[in-house]
Amino acid sequence: MMPDSTLPKNYDPSSVEQSWYRIWEERGFFAPAAGSKELGSYCIMIPPPNVTGSLHMGHAFQDTIMDALIRFHRMKGFKTLWQTGTDHAGIATQMVVERQLEAEGLTRKDLGRERFIQRVWDWKKSSGGTIVQQLRRMGASCDWTRERFTMDPDLSKAVREVFVRLYNEDLIYRGKRLVNWDPVLQTAVSDLEVQSEEESGFLWHIRYPLIDALDGEPSFLVVATTRPETLLGDTAVAVHPEDDRYRSLVGRQVILPLTGRTIPIIADTYVDPDFGSGCVKITPAHDFNDYEVGKRHHLPMINIFTGEAILNENAPQAYRGLDRYAGRKRLVADLEAAQFIEKIVPHKLMVPRGDRSKSVLEPYLTDQWFVRVAPLAQEAIAAVEEGRIRFVPQNWDKTYFEWMRHIEDWCISRQIWWGHRIPAWYGPDGYLFVCNCEEEVYELAAEHYGRPVSLTQDPDVLDTWFSSALWPFSTLGWPKQSSEMADFYPTQVLVTGFDIIFFWVARMIMFGLKFTNKVPFHTVYIHGLVRDSEGQKMSKSKGNVLDPLDLIDGIDLEALVKKRTRDLMQPHLAQAIENATRREFPDGIAAFGTDALRFTFASLATQGRDIKFDMGRIEGYRHFCNKLWNAARFVWMNTQELGYTVTDGQECTFSLADRWIRSRLQSVKKESAQALQEYRFNDAANGLYGFLWGNYCDWYLEVIKPVLYGPTVAMAEKNGARSTLLVVLEESLRLLHPLMPYITEELWQRMVPLTGRSTYHEGDSIMMAPWPEVEEVWQDEAAEVEMGQVMAFVTAVRTIRSQMNLPPGQPLEVLISGSVATRQRLERHTGWIFPLAKINSMTVLIGSPPPGCATGVIEDLRLFIPLANVLDLEAEEARLQKSIDRLAEFFGARPCRCCGQGREQTRRV
RNA sequence: GGGCGAAUAGCUCAGCUGGGAGAGCAUCGGCCUUACAAGCCGAGGGUCACAGGUUCAAACCCUGUUUCGCCCACCA
C-alpha cells in the first residue's frame with residue numbers, strides 16, 4: 001500500500017485497521033516464521049472460546065494480553081505460534097440449537113439423534129464464526145490456518161485415545177454414584193458446574209413416631225429438613241452416638257409418616273447434636289451426606305424421583321407423578337393434617353443450581369463415567385511445587401493446591417447428544433467393550449463371543465472439558481509425533497482467568513503430564529475480571545455490559561439502549577437499564593479504535609487485580625493515538641516533505657537534545673522489554689506513553705524546532721535532528737507495536753523508508769520487524785543530566801511566569817548565580833532555553849540581586865527575574881497579601897499543641 | 001468454617017527488594033505558539049483505612065482491628 005504524501009490532521013482508526021489486518025493475514029504473517037535457532041519457539045494456546053459465543057470484554061482483555069506477548073516474541077525472533085480455535089461447548093451449543101427447534105415447535109427427540117447432530121453442525125457452519133471474526137477485529141495475530149475445533153476428526157481421535165488409555169489403566173471407571181443431576185437438561189453435571197447460592201426457604205420440623213415408646217420416652221422424634229418431600233426416600237433417622245438424649249433409642253425404630261414404613265434409628269458422628277433437635281432424617285439417594293451415612297450403615301437407597309424430578313413409583317400412590325415442588329406442597333399439607341408438623345421456620349439455605357440451565361440440581365443416583373483423578377493430581381501438584389509450572393501472580397498456586405489436594409473423582413459423562421460420544425459399547429449380555437475405533441470393537445466382540453454380534457454404543461457424551469483438557473497437545477497433532485509437537489510443546493504461557501483454574505488449567509496439567517510426560521505450559525498468567533466503572537460484574541441483567549466492538553466502532557445511544565434491553569430474562573428491568581444507560585452515555589459511545597482499547601487494557605493490567613473499565617482511560621488513550629499520529633506528521637513534514645532521508649555518508653552532528661532523546665530511548669527499550677517479559681503490561685504501556693508524550697513530544701520536538709527552522713543552522717546539525725526524529729519515532733513504533741498494532745503499522749510504513757535502515761525491504765511489515773535492542777553507544781548519562789538541567793531551568797522560568805501572571809509572550813531577562821560548571825552548561829544551550837522559556841537575556845549576577853526579583857532554584861543554581869519593568873507591582877502585592885492572610889488564618893486556626901501559640905511548624909507548611 | 005485479595009488525590013489506579021508520595025482523567029489559571037484545542041504552558045489537591053510494633057527511616061515489614069470483594073466447604 002502506498003502511503004499518501006500527506007497525513008490527515010487526525011487519526012482515524014476505521015480507515016486503517018481492517019485493511020491492515022487483511023494484509024497481514026493474506027501474507028501469512030501470523031504463521032510461525034523460521035525464527036532464530038538460539039531463541040527457539042514461543043507458543044500460546046488460546047483458551048478456545050465457545051463456538052456459540054461472541055466477544056465480550058473478558059475475551060478482549062485476554063486477547064490483548066496474548067497478542068501483545070505473541071507480537072513481542074515474534075519480533076524478538078522466536079518461532080512464534082498462537083494456536084487458535086473454538087470449543088464445541090456441549091451443553092451450551094445444544095441449548096442454542098434446541099431453542100431454535102423450540103421456535104419451530106420441535107424438540108431434539110422429534111429429530112432423533114442423527115438428525116439433531118447434523119442440525120448442530122449446520123448451525124455451526126452458518127453461525128459459528130462470529131467470535132473468530134471478532135477476534136480478528138482485536139488485531140489478534142493467531143495463525144488462522146491452524147484453527148482447530150474440539151470436534152475436528154483429529155481432536156476427536158485424541159479424545160478417544162485418551163479415554164481408552166485411561167480406561168485400560170483403570171483411571172476411568174463406570175459406576176452407580178450419587179451425582180449432581182440437572183432435571184431440566186436431564187444430564188449429570190460435574191461438581192464444578194454446580195453454583196450454590198443462598199436462598200430463602202424453610203426448615204420443616206417433622207415428627208417421626210417412635211415405635212414401642214416406653215414410659216418416660218418421647219412418643220416421637222423431631223427431625224428438621226429443608227426438603228420435606230425427600231422424606232419419602234428416608235431409610236433411617238440418625239443421632240450423634242454421644243448424645244445422651246437419644247443414646248438409648250439407637251437401634252430402635254420409628255414410623256416414617258405417610259408411608260407406614262418403619263426405619264431404624266442409627267448413630268453417626270456426622271450428626272451435630274447442637275443443630276435443631278439433634279435428629280437427622282437420612283435419605284441416601286437424594287443427599288450427598290446421607291449417601292455417605294447410608295453407605296456406612298448399609299442402608300437401602302430409595303430413589304423417589306424420575307430424571308425430571310417427578311415422584312416415581314417408589315413414592316406412595318398419592319404422590320406419584322407430582323413434580324418435586326408440587327409433591328412437597330401436597331406432602332406438607334398431608335403432614336400438617338395428620339399433625340406430624342411440629343413447626344415451620346424460615347431458613348436460609350444454599351441451593352445448588354446448574355451453571356447453564358440455572359435449574360435446581362438434584363443429587364441423583366445414576367450410572368455414570370468417572371475419572372479417578374487422585375493419582376493424576378499427585379503429578380500435577382508436584383509440577384507446580386517443583387516450579388516446572390509457575391503461576392503469575394504466584395499466590396494462585398494456593399488455590400490450585402487447595403483444590404488439587406482435595407480433589408474428587410470427575411464425572412465425565414453427560415446425557416446429551418452434542419459432544420464426543422463415549423467410545424464404549426455393550427454386547428447383548430451387557431458386556432462392556434472400550435475401544436478407540438468402531439471397526440475394531442466389532443472384531444473384539446466377535447472374538448469375545450465367538451461370533452459376530454451387534455453392539456450398542458453407550459449413549460452418553462463426554463464433558464466438554466474433557467476435550468479441552470487435551471487442547472495443548474491435541475491441536476498440535478498428538479497422538480502423532482508431529483513436528484508441531486516437537487516445535488511448540490510444551491507451550492510457554494497460558495493466559496486465562498482464575499475462574500477456570502479448576503475447570504481447565506488443572507486438568508490440562510494432569511492430562512498433559514499423563515500423556516506427554518511434560519507440562520503443557522511453563523507459566524500460567526492469571527488475569528483479573530473486567531468490571532464496569534463501578535466495580536460491578538458486567539451482566540446482561542444488570543444492563544451494564546460493554547461490547548468491545550462498540551468501543552472500537554462506536555455506537556449511538558438508541559442502538560445501545562436497544563441492545564441492552566433486548567432479550568432480557570427479566571423484562572421488567574428494561575426501564576431501569578434504559579434510564580441508567582441514557583444517564584451514563586447521553587451521546588452513545590464514541591469510536592475509540594482497537595489500539596486505544598488494547599492500550600487501555602494493557603495499562604490497566606496490573607497483576608492479579610480485577611480491572612474497572614474506565615471510559616476516561618480509553619478516551620485518554622485515543623488522544624494518545626492522535627498525539628502519536630501528529631508527532632509522526634511533524635516528523636514527516638520535517639523530513640519526507642523536504643526530501644530528507646537518512647543516508648550512510650551524510651554529515652551529521654548530534655546535539656545535546658539528540659543525544660538525550662536517543663539515550664532515553666535506550667532506557668525505554670530496556671524497560672518495556674523487561675516489563676513485557678515479566679507480564680507487567682501496565683508498566684510497559686505507561687513507560688511508552690510517558691516517553692513518547694512527555695519526552696519526545698513535549699520536549700524533544702519543541703527543543704529542536706529552532707534547529708529545524710533556523711536559517712543559519714548548519715546542515716549537519718539539521719541532519720542530526722532529522723535523523724534523530726526519524727530513528728526515535730521508528731523504533732518507538734516498534735516498541736509500541738505489540739500493544740497498538742494498527743496505528744504503529746500505518747505510521748511505520750511511512751517512516752521506515754526514510755530511516756535508511758539496511759534491513760528494511762519494501763513490503764515488510766512492522767509486525768515482522770525486529771524488536772529494537774538497546775544500543776549501548778547511545779546510552780549517555782551525561783546528556784541526560786545536562787538536558788535535565790536545561791529542562792529544569794525552562795520549567796522554573798515558566799512557573800515564575802505563570803505565578804506572576806506575566807504574559808506568555810513577554811520577553812524576560814534572567815540573572816543567574818551558581819557554580820561555574822552549571823552556569824557554563826546552561827550558557828551552552830541558550831539557543832534552546834531562550835525560545836522555550838521566552839527570555840531574551842541571561843546574565844551572570846554579580847553581587848546581590850536587585851530588589852523586586854522573582855527567584856527560582858535549580859540544584860546549585862539560582863535564577864532571578866527582575867520584575868520592575870514587567871509586572872504590575874500593585875497587583876502582585878495584593879496577591880501576596882492574600883497568601884499571607886491565608887497562612888495567618890491557618891496558624892491561627894491550629895495553635896501549637898504544647899504552647900498554644902500557633903507558632904509550631906507543621907508538615908503542611 | 002477455611003483460603004485469597006483489596007483499602008493511596010474528586011474518579012480510575014501505579015508505587016518492584018524499606019529512604020523523593022506519583023500517573024491519567026477531572027478541577028483551577030493562562031495560551032488559537034505554522035504536528036496535534038483529541039492540543040500547549042502552569043497550578044491546586046493526599047492523616048497512603050485504623051491502632052500498635054520493628055527500624056536511623058514505614059504507603060511498603062510484623063501484630064491486631066474495621067470495611068469491601070472473591071473462591072472453596074456436608075451443617076440437616
Side-chain angles (χ1 to χ4, degrees), chain A residues 7 9-11 191-192 196 203-205 223-227 230 238 270-272 274-283 287-293 347 349-350 363 393 395-396 398-399 401-403 406 498-499 501-502 528-529 531 533-537 590 592 596 600 603-604 606-638 674-675 678 680 682-683 685-686 689-690 693-694 697-698 701-702 705 709 794-795 797-809 835-838 907-908:
Chain A
L7 284 150
K9 203 169 163 184
N10 288 319
Y11 173 56
D191 298 349
L192 288 175
S196 289
L203 205 49
W204 283 270
H205 296 251
V223 300
T225 179
T226 55
R227 299 209 50 198
T230 62
Y270 152 67
V271 179
D272 176 0
D274 296 327
F275 187 90
S277 62
C279 301
V280 184
K281 65 194 270 307
I282 300 297
T283 322
D287 181 281
F288 287 99
N289 293 312
D290 295 4
Y291 180 70
E292 294 303 321
V293 175
H347 182 72
L349 70 159
M350 296 297 277
N395 54 291
W396 285 108
K398 290 206 176 69
T399 305
F401 287 137
E402 182 61 22
W403 190 68
H406 302 105
F498 57 84
D499 47 334
I501 291 178
F502 306 145
L529 211 64
R531 299 169 175 278
S533 57
E534 279 157 21
Q536 297 282 316
K537 224 164 160 170
F592 294 106
T600 306
S603 72
L604 292 173
T606 312
Q607 277 185 21
R609 195 142 147 155
D610 284 356
I611 63 178
K612 289 187 205 171
F613 196 84
D614 180 10
M615 296 302 288
R617 289 292 278 262
I618 192 172
E619 198 175 336
Y621 293 127
R622 183 182 52 156
H623 295 174
F624 177 54
C625 290
N626 200 51
K627 187 75 180 171
L628 189 62
W629 184 263
N630 276 288
R633 250 182 97 213
F634 177 83
V635 174
W636 185 252
M637 288 162 70
N638 283 288
Q674 203 156 358
E678 293 167 6
R680 292 180 287 112
N682 59 323
D683 288 341
N686 296 338
Y689 181 96
W693 200 315
C697 291
D698 285 351
L701 298 191
E702 296 304 325
K705 277 176 185 174
Y709 300 149
V794 170
T795 302
V797 176
R798 283 170 173 172
T799 302
I800 289 169
R801 183 188 292 278
S802 178
Q803 281 179 346
M804 296 294 148
N805 274 318
L806 302 176
L836 287 175
K838 303 250 166 54
R907 218 182 125 205
R908 295 181 74 91

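Side chains included, hydrogens not; waters and symmetry mates left out as well; all remaining heavy atoms used. Chain identifiers are assigned alphabetically (A, B, ...) following the order of the sequence lines, protein sequences preceding nucleic acid strands; residue numbering begins at 1 within each chain.
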Take atom [atom1] in [N] and the same atom in [M], then report the distance between them in whole Å.
N     : M     : atom1 : answer
B:G64 : B:C72 : P     : 26 Å
B:U54 : B:U8  : P     : 27 Å
B:A23 : B:C75 : C1'   : 50 Å
B:U12 : B:G69 : P     : 15 Å
B:G10 : B:A26 : C1'   : 7 Å
B:A21 : B:G44 : P     : 15 Å
B:A49 : B:U55 : C1'   : 23 Å
B:U27 : B:U17 : C1'   : 37 Å

[atom2] on [Y] to [atom1] on [X], rounded to 0.5 Å:
X        : Y        : atom1 : atom2 : value
A:Met804 : A:Thr799 : CE    : OG1   : 10.5 Å
A:Leu604 : A:Asn686 : CG    : CG    : 9.0 Å
A:Phe592 : A:Cys625 : CZ    : SG    : 11.0 Å

Whole Å only: how far is the [atom1] atom of [X] from the [atom2] atom of [N]?
X        : N     : atom1 : atom2 : answer
A:Arg617 : B:C25 : CZ    : P     : 10 Å
A:Ile611 : B:C13 : CD1   : P     : 9 Å
A:Met804 : B:A43 : CE    : C1'   : 13 Å
A:Lys838 : B:G30 : NZ    : C1'   : 12 Å
A:Tyr689 : B:C13 : OH    : P     : 17 Å
A:Asp272 : B:A76 : CG    : P     : 10 Å
A:Asp287 : B:C75 : CG    : P     : 10 Å
A:Glu702 : B:C31 : CD    : P     : 19 Å

Any side-chain N or O of [X] less than 4.0 Å from the OP1 or OP2 oxygen of [N]?
X        : N     : value
A:Ser603 : B:G24 : no
A:Tyr621 : B:A23 : no
A:Lys9   : B:G39 : no
A:Trp693 : B:C40 : yes
A:His623 : B:C36 : no
A:Ser533 : B:C11 : no
A:Lys612 : B:C13 : yes
A:Arg798 : B:G42 : yes

Selection from [options] that lies nearest to any side-chain heavy atom of [X]:
X        : options             : answer
A:His347 : B:A35, B:A76, B:C72 : B:A76
A:Thr795 : B:A35, B:G42, B:A76 : B:G42
A:Thr799 : B:C36, B:G5, B:G42  : B:G42
A:Arg622 : B:A35, B:A76, B:A38 : B:A38
A:Phe275 : B:A76, B:G5, B:G39  : B:A76
A:Asp614 : B:C74, B:G24, B:C40 : B:G24

base_contact_polar (B:C4 base, A:Lys398 side chain, donor-acceptor, <3.5 Å): no
Under-3.5 Å donor-acceptor pair between A:Glu402 side chain and B:A73 base: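 It does not, because no donor-acceptor pair links the side chain of A:Glu402 to the base of B:A73 below 3.5 Å.
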Scan [X] against the nucleic acid and name what it touches under 4.0 Å (heavy atoms): base, sugar-phosphate only, or nothing.
X        : result
A:Leu203 : nothing
A:Cys279 : nothing
A:Tyr270 : base
A:Thr399 : nothing
A:Lys705 : base
A:Val223 : nothing

In terms of the nearest nucleotide of RNA chain B, which residue is placed more toward the 5' end: A:Arg633 or A:Thr226?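 Result of the comparison: A:Arg633.
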Upstream residue (5' side of RNA chain B) when A:Asn630 and A:Glu619 are each assigned their closest nucleotide: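 By nearest-heavy-atom nucleotide position, the 5'-most residue is A:Glu619.
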With side chains defined as the heavy atoms from C-beta onward, is the minimum distance between [X] and [Y] less than 4.5 Å?
X        : Y        : result
A:Val280 : A:Phe275 : no
A:Trp403 : A:Ile501 : no
A:Gln674 : A:Asp683 : no
A:Leu836 : A:Arg798 : yes
A:Tyr270 : A:Asn289 : yes

Has A:Arg227 got a side-chain atom pairing as donor or acceptor with A:Asp287's backbone, closer than 3.5 angstrom?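 It does not hold such a pair.
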Looking only at atom types and distance, does a side-chain atom of A:Asn630 sit under 3.5 Å from a main-chain N or O of A:Asn10, one as donor and one as acceptor?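 Here the side-chain-to-backbone pair does not exist.
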Measure centre to centre between the rings of A:Tyr689 and A:Tyr621, then say whether the value is under 6.0 Å.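 Yes, close enough.
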Would you tabulate the pairs of protein nitrogen or oxygen atoms and nucleotide nitrogen or oxygen atoms of nucleotides 14-19 of chain B closer than 3.5 angstrom?
from, atom 1, to, atom 2, distance (Å)
B:A14, OP1, A:Thr606, OG1, 3.1
B:A14, OP1, A:Arg609, NE, 3.0
B:A14, OP2, A:Arg609, NE, 3.4
B:A14, OP2, A:Arg609, NH1, 3.0
B:A14, OP2, A:Arg609, NH2, 3.2
B:A14, O5', A:Thr606, OG1, 3.2

Can you label the angle between the A:Tyr11 ring and the A:Trp629 ring as parallel, tilted or perpendicular, going by 30° and 60°?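 Tilted, since the angle between the ring planes falls between 30° and 60°.
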Selection residues 610-631 of chain A - residue pairs positive for salt bridge (charged side-chain N to carboxylate O under 4.0 Å, His left out), sequence neighbours left out: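 As it turns out, the salt bridge (charged side-chain N to carboxylate O under 4.0 Å, His left out) pairs with a partner in residues 610-631 of chain A, which skip direct neighbours, are A:Arg531-A:Asp610.
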Are there runs of at least three consecutive Watson-Crick or G-U pairs touching RNA chain B, with each pair's two distances under 3.5 angstrom? Give them by first number. B:1-7 with B:66-72, B:10-13 with B:22-25, B:27-31 with B:39-43, B:49-53 with B:61-65
